[in-house]
2 protein chains.
Amino acid sequence: MSSTGRRRRPTQVDIARRAGVSQATVSLVISGGAAADQIDEPTHQAVLAAAAELGYAANVAARSLKGGRNHLLGLYTFEPVFPTDQRDFYYPFLLGVEEEAAAQGYDLLLFSSVTSSADRSIYAGGGNRLKIADGCVLLGRNVCRDELAALVQEDFPFVFIGRREVDEGELSYVGADYVTATSAMVAELARLGHRRILYLRAIEDTEPTRDRERGYRDGLAAAGIEVDEALIHGLADPADLSVEHVQHWIAAYGVTAVLVEPTEDNRLVDALTAMTDGGSATRVRFPEDCSIALLGDPPSWTPEQRDWTRFSLPRAEMAREAVRMLVDLLGQAQHASRQLTIPCTSVPGDSVGPAPASATGREEAP
Amino acid sequence: MSSTGRRRRPTQVDIARRAGVSQATVSLVISGGAAADQIDEPTHQAVLAAAAELGYAANVAARSLKGGRNHLLGLYTFEPVFPTDQRDFYYPFLLGVEEEAAAQGYDLLLFSSVTSSADRSIYAGGGNRLKIADGCVLLGRNVCRDELAALVQEDFPFVFIGRREVDEGELSYVGADYVTATSAMVAELARLGHRRILYLRAIEDTEPTRDRERGYRDGLAAAGIEVDEALIHGLADPADLSVEHVQHWIAAYGVTAVLVEPTEDNRLVDALTAMTDGGSATRVRFPEDCSIALLGDPPSWTPEQRDWTRFSLPRAEMAREAVRMLVDLLGQAQHASRQLTIPCTSVPGDSVGPAPASATGREEAP
DNA sequence: TGCGACGTCTAATACGTATAAATTCCTGGC
DNA sequence: GCCAGGAATTTATACGTATTAGACGTCGCA
C-alpha cells in the first residue's frame with residue numbers, strides 16, 4: 001500500500017544504508033547535541049534527508065535503555081484524576097503540567113492508575129514503569145509510601161506536587177504553604193476577637209494535614225492563645241459536619257469559629273450548604289451563629305456558590321513550577337533534591353465575622 | 001545507604017550470579033509465562049529468592065525494546081483540550097481514552113498542541129512525533145488535512161474519534177451516527193405536525209456537519225416533505241441566533257421548528273438562554289413560539305440548565321471503542337482500516353412541542 | 001619527505017531482556 | 001553398555017540506540 005510496503009519501523013541502520021554512512025553517524029546527526037557539529041555539512045544533510053524520506057522516529061525504549069533522553073515527562077497520579085467528582089480538583093494541576101511541559105518542549109506521558117487494581121502501580125509487571133520517561137511528576141493525596149521510598153532509592157528524577165516526606169531520604173517537591181496560610185487565618189480570627197477556634201482536621205495523617213495543624217498551633221501561639229487539644233477534632237466523613245454537631249460544639253466548648261479542611265470532592269461543600277438550607281431551628285447561620293473558614297478551596301467553583309472565607313492554592317502555578325524544577329533536575333548530573341513552597345492566596349469571603357461579644361475573653365475562665 | 005551500597009539497580013545477571021544459574025534461566029522464571037514450567041522447582045525457588053533479596057525490578061525499556069512494542073498509545077488533539085471553556089466537551093473523551101487504555105495495559109502519551117505555535121504539529125522537527133507510540137488516537141474538529149493525509153500515507157496505525165475522510169485513502173475512525181440521530185429528530189418533528197423545519201448548520205464543511213445535513217435531508221424525504229434549500233442556513237457565529245432572526249424566520253418562511261448544531265463551547269447555549277430571558281416582546285418562547293432541538297449536546301451540563309430537546313453523543317463510549325479498535329489494529333499484521341459508528345441517544349427535553357394548528361399543512365401552498 | 005595534528009567518519013561495544021538453538025545430563029530400553 | 005529421547009539449562013543472538021576509541025585520509029609545517 002505505502003511506497004515501501006514494509007511493516008517494520010525504520011531504524012538508524014536503515015537510514016545509514018540509504019545515506020551511505022554508518023549507523024553511528026546517523027546517531028550523531030540525529031541526537032548528538034554537542035557532537036553533532038563535528039560532522040560535515042553535506043553528510044549532515046544527507047542523513048536528515050534519508051531520515052525524512054523513511055519517516056524515521058527514534059525508538060523510545062532503545063534510547064532510554066542506553067541512557068539517552070526521550071523528551072518525555074511522566075505524570076503519575078496515585079489516585080484516579082479523571083473521575084467526574086474530583087475533576088475540578090485535579091484539573092488545574094493537569095493544565096499546569098501540560099502547559100509547562102509543552103513550553104519546555106516535552107511531551108507528557110500519562111501513567112494511568114485509573115483502574116483500582118494494583119497492577120497499575122509504579123512497580124507493576126516487575127518493573128518501574130516510570131523509567132521510559134526522562135523524569136516524572138507525581139501527584140495525589142493517598143501516596144503509596146513503599147513505592148515512593150523505592151523511587152527515592154533508585155535515583156530516578158521526580159518531583160512531587162505537594163510536600164511529601166519519606167524516611168529513606170529527601171525528595172523534591174513543590175508544595176503549598178499551608179502552615180503560613182493557616183496561621184494567617186487564625187491570626188485574622190483572633191483579630192476579630194475569636195478565642196475558641198475549632199480545628200476540624202482530616203483523619204489521615206498526611207503532610208498537608210500536618211502542615212495545617214502546625215499552622216493552627218503557630219497561629220494560636222502568635223495570638224497568645226493556649227491550645228486546647230479538645231478543639232482539634234478529626235473529621236472522618238464530611239457528612240459528620242452536621243447542624244447538631246456544630247450546635248453542640250458551640251454550646252459545650254464555647255466555640256465561635258471553625259476551621260475545616262475541604263475534601264477533594266464536593267462532599268464538604270455539600271454538607272455546608274445543607275446546614276445553611278434547613279429550617280430556622282435546624283440550621284446554622286454563618287457567620288452569625290458561628291464563623292467558618294476553609295483551609296483550602298473546595299474543588300468546584302460555580303458562581304452561584306456561596307463565597308466561603310478560605311485560602312486558595314495556586315494549583316496551576318504549583319504544577320508549572322514542578323515541571324520547571326524537574327526539567328532543571330534533568331539538566332544536572334547530580335540529582336540533588338529540591339524543595340519549593342508557594343504561598344496561598346487569601347480569599348476574604350463572607351463566612352467569617354467578629355466574635356460575639358459574650359464569647360470574647362471566654363478563654364480566661366478556668 | 002542500601003544493603004549493597006551500590007547505586008545501580010540489580011539486573012537479571014545479578015540474580016543469575018547469586019542463584020548460580022544463567023541469565024536466561026532467570027528470564028524464564030521471571031517472565032516466561034508459558035515456558036516457566038519447564039524449569040525445575042528447586043531452581044525456580046532459588047531464582048525467586050535471589051530476586052526478592054536483591055529487590056529486583058525489571059527494566060521496562062529493555063523489555064519493550066526486545067518486544068518491539070512499548071505499550072504506549074498516543075493521544076493527539078488538533079485543538080487545545082485543556083482550556084477551560086472547552087473542557088466539558090473534551091473531558092468525556094479523555095476519560096474514555098484514559099480508562100480503556102489502562103484496561104488494555106497501555107499508558108497514554110499526550111501530545112500537547114496546547115501552544116498555538118505550529119512547531120507542535122504532528123510533523124514537527126522533521127519527523128512524525130506520533131511514532132514514538134505504538135499507535136495513536138486522534139481528536140479534534142479542526143483537522144489539519146495535510147497532516148492527516150500524510151499519516152494515511154505512511155501506514156502508521158491510528159484511529160480518529162469522529163468520522164473523518166481524506167482523498168488519499170481510507171482511515172479508521174469511531175464516529176457518532178449523526179445521520180440517523182438527525183433523521184430521527186426530523187421524523188419526530190414531522191410526527192408533531194411540523195413541516196417547515198429550519199436547519200442551522202455550521203459554516204465549516206466538516207464531516208459531522210455533512211452528516212447532520214444528510215440526516216436532515218433523509219428525514220424530510222422519509223416524512224414526505226420536500227427540501228426547501230432556503231431553510232438550510234449557515235450559522236457563522238452562535239451570537240447570530242438572535243430573537244430578531246428567529247422572529248424573521250417564523251414570519252417570512254413559516255418556520256415552526258429549528259434544528260441547530262451546538263458549538264464546543266458555551267456560546268450557543270448562552271445565546272439560547274439570552275433569547276429566553278428578554279422582555280416579553282423581545283424574546284422567543286420555546287416551544288410555544290417555535291420548537292427547537294439541538295443536534296448534539298451542549299458541552300457543560302449543570303442541573304440548573306434548561307433541558308433542551310436534543311440528542312447526546314456517547315462520547316466516553318466512542319473513546320473507549322476507539323482505543324479498543326486501535327489495540328486490535330496493533331495486534332494484526334496487516335493494517336486494514338476500520339470504521340465504526342455508534343448511535344446517539346435521544347433526549348426528549350422540553351423545547352419541542354406540536355406545530356401550531358395554523359401552520360400545519362402550510363407547505364402545500366405554492 | 002616525514003610527522004604530528006586535525007577533521008571526519010566508522011567499528012566496536014554496552015545497555016537488559018527474551019527466545020531460538022544448542023548443549024548437557026539423565027533415564028530407560030534393548 | 002550403548003544409544004534414543006526427553007528434561008533442564010545454557011549459549012548465543014537480536015532488539016535500536018549512544019558513545020568511545022580509533023581508523024583513515026589530508027593538511028600544515030619543518
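A note on names: the letters A, B, ... follow the listed sequences, proteins ahead of strands, and every chain is numbered from 1.
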* Which pair of heavy atoms, one from A:Asn59 and one from A:Arg9, lies closest together, and at what distance? -> CA-NH2, 3.9 Å

* Would a line drawn from the ring center of B:Phe78 to the ring center of B:Tyr76 be shorter than 6.0 Å? -> yes

* Do other residues, nucleotides or ligands put more than 12 heavy atoms under 6.0 Å from B:Glu170 CD? -> no

* Hey, does the side chain of B:Glu207 reach the backbone of B:Glu165 with a donor-acceptor pair shorter than 3.5 angstrom? -> yes

* To do: Pick base, sugar-phosphate or nothing for A:Ala61, based on heavy-atom distances below 4.0 Å to the nucleic acid.
  => nothing

* Check every atom of C:dA18, C:dA14, C:dC9 against the side chain of B:Arg63 and return the nucleotide holding the closest atom. => C:dA18

* Do the side chain of B:Gln23 and the base of C:dA18 come within less than 3.5 angstrom through a donor-acceptor pair of N or O atoms? -> yes

* Asked: Relative to the 5' end of DNA chain D, which residue comes earlier, A:Gln12 or B:Thr25, by the nucleotide with the nearest heavy atom?
  -> B:Thr25

* Under 4.0 angstrom, heavy atoms only, what part of the nucleic acid is B:Val21 near: base, sugar-phosphate, or nothing? -> sugar-phosphate

* Determine the contact category for B:Ser64: base if any of its heavy atoms lies under 4.0 Å from a base atom, sugar-phosphate if only primed atoms, P, OP1 or OP2 are that close, otherwise nothing. => nothing

* Reading DNA chain D 5' to 3', which nucleotide is the first, and which the last, to come under 4.0 Å of any heavy atom in chain B? -> D:dA8 to D:dG16

* Is any side-chain nitrogen or oxygen of A:Ser22 closer than 4.0 Å to OP1 or OP2 of C:dC9? -> no

* So among A:Leu138, A:Leu109, A:Leu94, A:Val323, which one has a side chain to side chain contact (heavy atoms under 4.5 Å, CB included) with A:Leu75? -> A:Leu94

* To do: Would you mind reading off the distance between B:Leu28 atom CG and C:dT19 atom P, rounded to a whole angstrom?
  => 9 Å

* Length of the line joining B:Asp40:CG and C:dT27:P, which is rounded to integer Å -> 12 Å

* Over how many whole Å does the gap from A:Leu65 atom CG to C:dA14 atom C1' extend? -> 9 Å

* Using five base pairs at each end, measure the axis-to-axis angle across the helix from C:dT1-D:dA30 to C:dC30-D:dG1 and round it to 10 degrees. => 70°

